[in-house]
Every structure is written in structure tokens, then in C-alpha cells.
There are 2 protein chains.
Amino acid sequence: MSASGVRARVRAEMTEEIKTVARRHLATDGANLSLRAVARDLGMASSAVYRYFASRDELLTALIIDAYNAVGEKAEQAAEGITDPLDRFLRLAHAVRDWALDDPHQWALIYGSPVPGYQAPQDTIGPATRVLLLIAGLIRDAYVAGKIAEREPISGRFAEELAVVAEQYTPGAPPRLVGAGISAFVHLGGAISAELFGQLNHSVDEDRRGFFEFQMRGAAYLIGLS
Amino acid sequence: MSASGVRARVRAEMTEEIKTVARRHLATDGANLSLRAVARDLGMASSAVYRYFASRDELLTALIIDAYNAVGEKAEQAAEGITDPLDRFLRLAHAVRDWALDDPHQWALIYGSPVPGYQAPQDTIGPATRVLLLIAGLIRDAYVAGKIAEREPISGRFAEELAVVAEQYTPGAPPRLVGAGISAFVHLGGAISAELFGQLNHSVDEDRRGFFEFQMRGAAYLIGLS
DNA sequence: ACAAAGCAAGAGCAGTGCTCTCGTTGTGGC
DNA sequence: GCCACAACGAGAGCACTGCTCTTGCTTTGT
């Protein structure tokens, strides 16, 4: 019919519907959700789903990309408009944590152990770095505004590696900033995973939000956001 | 025959053999290894395996406990005899990382996303805390030796929670030490997971060992091991 | 010596991912 | 408007999975 085509629109809707149902199954079955079960929920034959996703892995990949973008967007929104670097960083961190607590299985999908035999395709590396880039941007802004306290410089082979990134990203910025930024990102993810995957059980059981903020303040300190 | 019984010994050997083969499969298939395939490798019927493990989950639980103990032992050995607290902490951290790099699937099994529908039984919580307890002991020793620099004290609900632990573990020790210890443990695990699960790709590709040490030095600084 | 318990094997059930085939239906070119 | 063609949904089928049950055999404890 129209230039866009009825079929194309229906296909897009169907694709989205499959992902929605799959996300629901993700919440109960985790990463080994059943494609057949998803098809049953949709009232269609399992073979029909293969018209939209060539394999279960491809479905998972789509869910992974969506999840990366979802958490990235949440973090972006939370940080928006906040000028104080430390506040900005903490809000961003809490936004990521809140998103993860809201849907632990989506978190596990992107930051947990990779699905066995699953190799992340190129499409995922873009969305995957969104949160990291947000932190990098935050640090960059704080640096050019002169709001970053001095810390001990880094040295070694990895320091040279990071110096290259620092120089082309923000000329003049100390390489240790890049390192501290990545480290903060790693600590952020580690803290959420530890909480979600039960490694904090019997250690911190009451005020996990408070403990999370304590950890993130530590990471912020190492960056120089005092 | 003997008091121990031939059958009991054979059973123990068989149990160990199943676990060994299962560990081998773990390296290729990850957490969704096939019990039938393991049985095939052993030249026995799949149903026979159920004489030794009531379910696949129980097999996984056994592997998890072994893995916790293995990494705990490695960390213990690495830290043994080292007196300087910072050096001790770094060696411990590197030992854990080396173990994880050596067998990423075992690491994923214990520190990755939990197997869907799998509930960790009581037997695992003991071995699971070994590394954390090592760090706690290290900090405790350094504290009583007066080798810990002062840092900003903590406050809030989680601080009171940690104060209880601190008081009964090392009376007089500041609660922030407990917090910093757990935080270091979390960062340790997060750093290894990030490296293993590919979140460092395109960020730190060359000298990951150096970057790991940089991160652990940061964690050590926050504890007060300057 | 004998009953009881432990053990291995095979068949079987319900479920899985994925492929192939077969009718049906919407689509773009003439 | 027609028609070849591609997209589509459904069903059967293959090889695989975890797990159960039954059937014989072997090692125990008494």
C-alpha cells in the first residue's frame, strides 16, 4: 500500500511484541528463556518466530541492545541538568542501580556472565559504552571547569595506553583521570552486581542504598571529585 | 570389607570423577553443561549420574563450592607470609585474578549471574565468604599493628549496621574499616568480572594487569593502606 | 546365608532449538 | 488488473535436554 508498506509496519510491530513477551519471560527464566514458550504466549507457532529472529541468540542480542540503551537513557536523564560534578556522578550511579534493581534479569543479561557460546556482535559495543561515556563526559566537564582535585599520577604501561585516550579526548588532561573514570565505572557495575547476585548477603543487609553511595563516594574521591 | 567400606571409597572416587569431567565441560559449555554429555564422557548411562547428584543443580552446587574453596585457597597461599599490609592485599588480589583468568568459567559460575531458578543452598555461604574474610583479617591485622592511615569516618544507617560487625570483630576498630573492606572486595570482584566479561574491551586492551593493580591500589588507599 | 541397600542401564516423558516443507497472503513490475 | 515473487504462518520432524521409573545385578550388614 503506502510507501512504507503495511507488511513492514506489521513486521516492526510483531518484532517489538516478541521482544516484549521475551522480556517478560526473561524476568522468570533468565537468559535461558524458551523461544517456544514465547511463541506460545503469542499464540503462534515457534517456527514463525524465526521469521523475525534467525536464532535465539539473535533475540537475546536484540534484548541486550535494548537493555543497554534503556539503562543509558535512565542514567542520562538522571544526570541531566545537574552541574555539581559529584552530585551528578552520584545521581547517575543511583539511576543505574535503580534501573538494575527494577529489572535484575536485564542487568544480568548485560553485565552478568556472558551466555555460553554467545559472542557479542558489533551492534552491541556502541550501546554498551553509553554509561561509561557518560562518566567520561562528566569528568571531562569537571576537568575543564577546574573542579577536579589533584591525585597521584599514574605510571606504567597501562598509563601510556590511557594517555593516548586522554590526549585525543581531552588534550592536556592527566591520563590518571581516564583510569579513575574507568575504575569508577567498573566499581559501579561491580557494586550493583554484588548486591544483585547475592554477594553482599550476610554482610550488608539493611541499608544497601547507603552502602552503595558510600562506595560511589569512594570512587568519586579517587577521581578527584571531592 | 573395611570399616570405611569399599563401596564408600568407590563412590567418593566416582563423585570426584564426575565433577572433574563436569568441570571440563564447564570450560566449553558454561553453566548450562549437559549432564548427559558428562555421562557419555564417563561411559555411563545418564541415569546413573543421578545416583551421585540428585539433579543438575546439585552438581553445579558441588562445583560452586569447590570453586569457592579453590580461589580461597589460592588467595590464602598468596597472602601467606607477607607482612606489609598493602603488599599482602595486592598479592591476594592478583592471586584471585590469576585464578579467574586461568579458568574464566569457574569464575563466572561463582561471581557471574546466578543460574536462573537456582537458589544457593546453605552449604555455599561458608566457602563463599573466604576471600572476603581474608581481606577482613588482613585489615584487622594492619589495624591492630597501627598501620592504617586515617580516613573520613562514615555515618548513616549502613554505618550503624557496619559498626555492629566492627565491634564484635575487632572492638575499637572504626566501622568505616569494615565498609572499606567490603568495598575493596566488591571492587576486586567487579574488576575481574569486567575484564573477563568483556566490559573493558576497547577501553583497556594492552596492560590489563597493570590497570587491575591500579584499581586495587585505589581500593587499598580508601582502606588506609597507603 | 539372606534380606536390604546401593548401583547401572534402558526406556520413556515432556520439553528444547532449529530446519524443512507446504499452503496462504501481501507486494512491486508490467 | 494480472502475475510472478517474496514474505509469512503452521505443522511435522530431528537431535538434544533433564529427569523418572522399572528391571536386573552386586555389595553390604547381620
Side-chain angles (χ1 to χ4, degrees), chain A residues 1-19 21-26 28-64 109 114-119 121, chain B residues 1-19 21-26 28-64 109 114-119 121:
Chain A
M1 204 187 186
S2 72
S4 75
V6 171
R7 206 158 215 173
R9 207 198 56 218
V10 171
R11 180 178 179 85
E13 283 171 5
M14 198 70 211
T15 305
E16 211 56 44
E17 205 167 343
I18 292 175
K19 287 200 289 183
V21 174
R23 253 186 295 268
R24 211 161 54 222
H25 280 233
L26 202 65
T28 65
D29 300 334
N32 47 14
L33 59 88
S34 158
L35 216 154
R36 289 179 108 114
V38 171
R40 265 198 302 275
D41 268 24
L42 286 163
M44 69 194 326
S46 68
S47 56
V49 177
Y50 284 85
R51 297 270 172 209
Y52 300 89
F53 298 95
S55 68
R56 214 197 59 150
D57 271 9
E58 204 171 279
L59 211 197
L60 285 178
T61 299
L63 294 181
I64 287 172
L109 194 63
V115 183
Y118 173 83
Q119 194 60 22
Chain B
M1 205 189 183
S2 72
S4 74
V6 171
R7 202 158 219 173
R9 206 197 58 219
V10 171
R11 181 181 178 83
E13 283 172 5
M14 197 70 213
T15 305
E16 212 56 44
E17 205 168 342
I18 293 174
K19 286 199 290 185
V21 175
R23 253 186 296 268
R24 211 161 55 222
H25 281 234
L26 202 64
T28 65
D29 299 333
N32 47 13
L33 58 88
S34 158
L35 216 154
R36 289 179 108 115
V38 171
R40 265 197 303 273
D41 267 25
L42 286 163
M44 70 197 316
S46 67
S47 55
V49 178
Y50 284 85
R51 295 270 166 205
Y52 300 88
F53 298 95
S55 67
R56 215 197 57 151
D57 271 10
E58 204 170 279
L59 211 196
L60 284 178
T61 299
L63 295 181
I64 287 172
L109 194 63
V115 183
Y118 174 83
Q119 193 59 23

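For clarity, every value in this text was computed on a predicted model and none was experimentally measured. Lettering follows sequence order; numbering is per chain, from 1. Below, each value reflects all heavy atoms present in this structure, side chains not excepted, and no hydrogens, waters or symmetry copies.
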### Query
Does the side chain of Arg40(A) get closer than 4.0 angstrom to OP1 or OP2 of dT16(C) through an N or O atom?
yes
#### Entry: N/O (side chain, Arg11(A)) to phosphate O (OP1/OP2, dC8(D)) under 4.0 Å
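Yes, within the criterion.
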Between [atom2] on [N] and [atom1] on [X], what's the gap in Å once rounded to a whole number?
X	N	atom1	atom2	answer
Phe53(B)	dA8(C)	CZ	P	13 Å
Arg56(B)	dT16(C)	CZ	C1'	13 Å
Glu17(A)	dC8(D)	CD	P	15 Å
Ile18(A)	dG17(C)	CD1	P	13 Å
Tyr50(B)	dA9(C)	OH	C1'	15 Å
Asn32(B)	dC19(D)	CG	P	13 Å
Arg9(B)	dT28(D)	CZ	C1'	15 Å
Asp29(B)	dC16(D)	CG	P	13 Å

### Task
Return yes if the base of dA9(C) and the side-chain atoms of Ser47(B) contain a donor-acceptor N/O pair under 3.5 Å, otherwise no.
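Result: at least one qualifying N/O pair found.
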#### Entry: Evaluation steps, side-chain contact (heavy atoms from CB on, under 4.5 Å), between Met44(A) and Glu17(A)
CA-CA 12 Å; Met44(A) 69 194 326; Glu17(A) 205 167 343; over 6 Å; no
Is [X] touching bases, backbone alone, or none of the nucleic acid, heavy atoms closer than 4.0 Å?
X	result
Ser34(B)	sugar-phosphate
Leu59(A)	nothing
Ser46(A)	base
Tyr52(B)	sugar-phosphate
Leu33(B)	sugar-phosphate

### Donor-acceptor contact present, side-chain Arg24(B) to main-chain Val38(B), <3.5 Å
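No: the side chain of Arg24(B) does not pair with the backbone of Val38(B).
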### Query
If every non-hydrogen atom of Glu58(A) is compared with every non-hydrogen atom of Tyr52(A), which pair is closest and at what distance?
OE2-O, 4.3 Å
### Message
Are the side chains of Asn32(A) and Arg56(A) in contact, using a 4.5 Å heavy-atom criterion?
### Response
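A side-chain contact exists here, since the closest heavy-atom pair is under 4.5 Å.
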### Query
So do Phe53(A) and Thr61(A) actually touch side chain to side chain, heavy atoms under 4.5 Å?
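Not touching, per the 4.5 Å side-chain cut-off.
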### Arg51(A) or Arg36(A), whichever maps to the more 5' nucleotide of DNA chain C
Arg36(A)
